[in-house]
Number of protein chains: 2
Amino acid sequence: MELQEKIPVPIFTDVDRDVFLRQLCPQRRPAVLRGVCLGPCLEKWTVEYLGQRGGDKEVKIHVSTVPQMDFLRKNFVYKTLPFNEFVKRASEKKHSDFFLCEDESYYLRSLGEDVRKEPADLSKQFPDLAEDFHVPHFFEPDQFFSSVFRISSCGLQLWTHYDVMDNLLAQVTGMKRVVLYNPQDALHLYLSGDKSEVVDIDAPDLKQFPDFVKAKRYECVLEPGDLLFIPALWFHNTTALQFGVGVNVFWRHLPADSYDRKDPYGNKDPVAATRALQALERALHTLDELPADYRDFYGRRMIQRIQNRTYCDSQPATNTQTDCGSTLPSRQFTKPG
Amino acid sequence: MELQEKIPVPIFTDVDRDVFLRQLCPQRRPAVLRGVCLGPCLEKWTVEYLGQRGGDKEVKIHVSTVPQMDFLRKNFVYKTLPFNEFVKRASEKKHSDFFLCEDESYYLRSLGEDVRKEPADLSKQFPDLAEDFHVPHFFEPDQFFSSVFRISSCGLQLWTHYDVMDNLLAQVTGMKRVVLYNPQDALHLYLSGDKSEVVDIDAPDLKQFPDFVKAKRYECVLEPGDLLFIPALWFHNTTALQFGVGVNVFWRHLPADSYDRKDPYGNKDPVAATRALQALERALHTLDELPADYRDFYGRRMIQRIQNRTYCDSQPATNTQTDCGSTLPSRQFTKPG
């Protein structure tokens with residue numbers, strides 16, 4: 001493929017709460033934090049240990065015949081397994097017991113007790129394992145939204161999407177490749193809701209998605225013990241290079257009433273954004289009174305107005321708080337591994 | 001300058017009402033109609049004759065020290081002269097009587113009697129001259145909106161703008177260069193309202209207006225007797241290559257209630273478009289509740305939605321009525337002169 005510009009995600013060492021809050025978080029850019037203490041999970045969380053301590057609690061999992069999971073075309077099925085049986089299967093490449101085929105892929109995104117209302121919380125659903133994992137206290141307790149177990153077969157790739165909460169992805173075991181895209185590249189990602197239609201980001205169909213090459217590709221490989229800061233709205237695509245266990249911690253970056261109350265996954269747009277998109281629908285409905293060429297023209301006039309009013313790089317940087325294209329601090333920067 | 005793609009405006013001969021209504025008008029593309037009968041004005045309208053028959057009625061005119069008139073920076077003044085005195089001055093290069101300097105440029109866009117309410121109508125403001133000019137009856141009488149005298153000094157260039165009515169520009173005397181841009185190129189023209197900020201289209205400042213090169217430049221040179229069809233919303237920029245007299249005839253392409261009632265110039269957006277732009281303002285006001293990077297992102301989400309809903313070339317062409325990118329008929333086409 002014609003290549004996307006590639007940018008390594010910077011790695012920062014010795015990041016404490018103060019450095020994170022003052023220097024990294026305000027940049028609204030992804031960063032790998034290496035060497036933050038995650039607790040005894042790093043040594044303890046073998047397949048055997050996870051099975052014993054996690055027990056036979058039933059979990060709902062994604063199962064697919066291919067490792068590249070495609071949410072838009074739903075090439076996977078949801079199945080239920082006891083947690084210890086699931087961990088065993090996800091860690092092996094060929095299965096004696098299986099649903100679809102002997103090399104099927106597994107993926108767990110843990111859920112709350114009431115899956116429609118409650119966000120996932122490791123300390124509630126897996127209390128015996130949760131004590132091994134130390135959530136970095138990089139935000140106030142009342143900002144906490146969810147902590148989500150992510151367990152994947154080797155090779156498992158998840159579709160490119162964004163979340164509306166700030167997110168620390170803790171990689172506990174296994175290596176994971178993460179590709180990220182800036183929210184400002186949204187128009188190059190062919191979105192359907194919060195997901196990109198470009199499923200194969202390494203060999204995209206450029207006839208169908210010609211602008212995809214314009215998106216800048218941020219990339220990193222997480223090692224056990226790494227934390228990846230994924231700011232709200234940043235698109236991400238993960239590939240498990242090995243059987244892997246991770247925990248996502250989501251928290252509210254905006255005031256609590258900015259978010260949709262009925263959103264256990266943390267992927268519904270902020271209420272102001274939803275209202276704006278609804279007002280836009282009314283505007284488009286009004287334009288339907290005009291012929292196609294008038295609609296096209298006034299659609300472009302509307303786009304020009306939106307660009308002038310909302311684009312960060314078209315606004316004069318009057319102060320750094322409203323400037324969302326600021327640079328990363330050079331302090332504590334180590335070359336990407 | 002890095003060059004814009006250049007496209008000659010096609011010239012059609014032997015166009016009658018039927019050909020215009022069935023073949024040309026529905027294409028929504030500019031076209032030069034050569035050889036349509038415009039009446040005795042073609043022979044009669046000399047400077048002397050215009051002065052005698054038009055009389056000393058006072059007219060409001062644009063006067064500038066340079067031939068390139070810039071509406072956005074208002075580099076001209078409005079003055080009042082008797083019509084016969086104005087025609088004499090506009091036809092000469094050096095003036096013994098003048099307002100600003102001895103080589104000042106003049107431009108008349110005739111107005112209605114009550115300039116704030118009534119559209120210009122040649123038959124009302126200049127009845128003795130109007131009988132020499134035969135308006136082509138290419139539309140129903142109740143679609144008629146205005147007929148506007150346009151009289152320019154040699155060299156006079158008018159800013160790039162669009163009108164919301166369909167328009168036949170009849171060139172009666174003198175040659176005129178007209179450059180046009182497709183409404184679909186709106187985002188490349190750096191609009192301020194209905195006008196482009198790119199004043200010098202032949203030597204644009206590409207640092208300030210880098211996307212201007214992406215706009216396709218349609219161009220023609222009108223000779224006495226030519227009619228230029230300028231569909232509503234097409235941008236146009238005119239340069240009088242000689243002292244020239246023309247008449248614009250505007251008519252309603254959309255149902256009469258689609259237009260703003262208080263619009264003697266025919267350049268206020270259709271009411272549905274104005275309402276859509278107002279609804280968009282409310283949407284943008286709602287987005288102001290979010291931080292800059294969220295505004296930027298949801299601005300782009302809105303743009304994606306507008307592109308999907310309004311762009312002609314992104315919609316499958318289900319029928320030719322909604323397809324605004326259709327091709328010109330090859331019949332009656334002669335090579336541009």
- Below 4.0 angstrom, N of the basic side chain to O of the carboxylate: do B:Arg300 and A:Asp185 qualify? no
- Query: If you take all heavy atoms of B:Asp293 and A:Leu233, which pair is closest and at what distance?
  - Reply: O-CD1, 4.3 Å
- Residue selection (most heavy-atom pairs with chain B, distance under 4.5 Å) from A:Asn182, A:Leu284, A:Leu287, A:Leu277: A:Leu284
- Do A:Met302 and B:Met302 come within less than 4.5 Å of each other through their side chains, counting heavy atoms only? no
- Message: The test is side-chain contact (heavy atoms from CB on, under 4.5 Å); show your working for A:Glu289 and B:Val271 and say whether it passes.
- Response: CA-CA 10 Å; A:Glu289 295 172 25; B:Val271 289; 5.8 Å; no
- Note on the structure: dist A:Arg282:CZ -> B:Arg282:CZ (nearest 0.5 Å) comes out at 7.0 Å
- Contact summary for B:Leu290 and A:Ala272, nearest pair of heavy atoms: CG-CB, 4.0 Å
- Query: Donor-acceptor pair, B:Arg295 side chain versus A:Thr310 backbone, under 3.5 Å?
  - Reply: no
- Message: Can you classify the ring geometry of A:Phe297 versus B:Tyr162 as parallel (below 30°), tilted (30 to 60°) or perpendicular (above 60°)?
- Response: perpendicular
- Lys/Arg N to Asp/Glu carboxylate O, A:Asp269 vs B:Arg301, below 4.0 Å: yes
- Task: Taking all heavy atoms of B:Asp296 and all of A:Cys312, pick out the closest pair and write down the distance.
- Result: OD2-N, 2.9 Å
- Side-chain touch A:Tyr298/B:Pro270, heavy atoms, less than 4.5 angstrom: yes
- Message: Could you check whether any side-chain N or O of B:Gln304 sits under 3.5 Å from a backbone N or O of A:Leu191, counting only pairs where one atom can act as donor and the other as acceptor?
- Response: yes
- Query: Which pair of heavy atoms, one from B:His285 and one from A:Arg309, lies closest together, and at what distance?
  - Reply: N-NH2, 3.8 Å
- Can B:Tyr294 and A:Val164 be said to form a side-chain contact (heavy atoms from CB on, under 4.5 Å), step by step? CA-CA 10 Å; B:Tyr294 287 71; A:Val164 300; 5.8 Å; no
- Query: Quick one: does B:Ile303's side chain get under 4.5 Å of A:Tyr311's, heavy atoms only?
  - Reply: yes
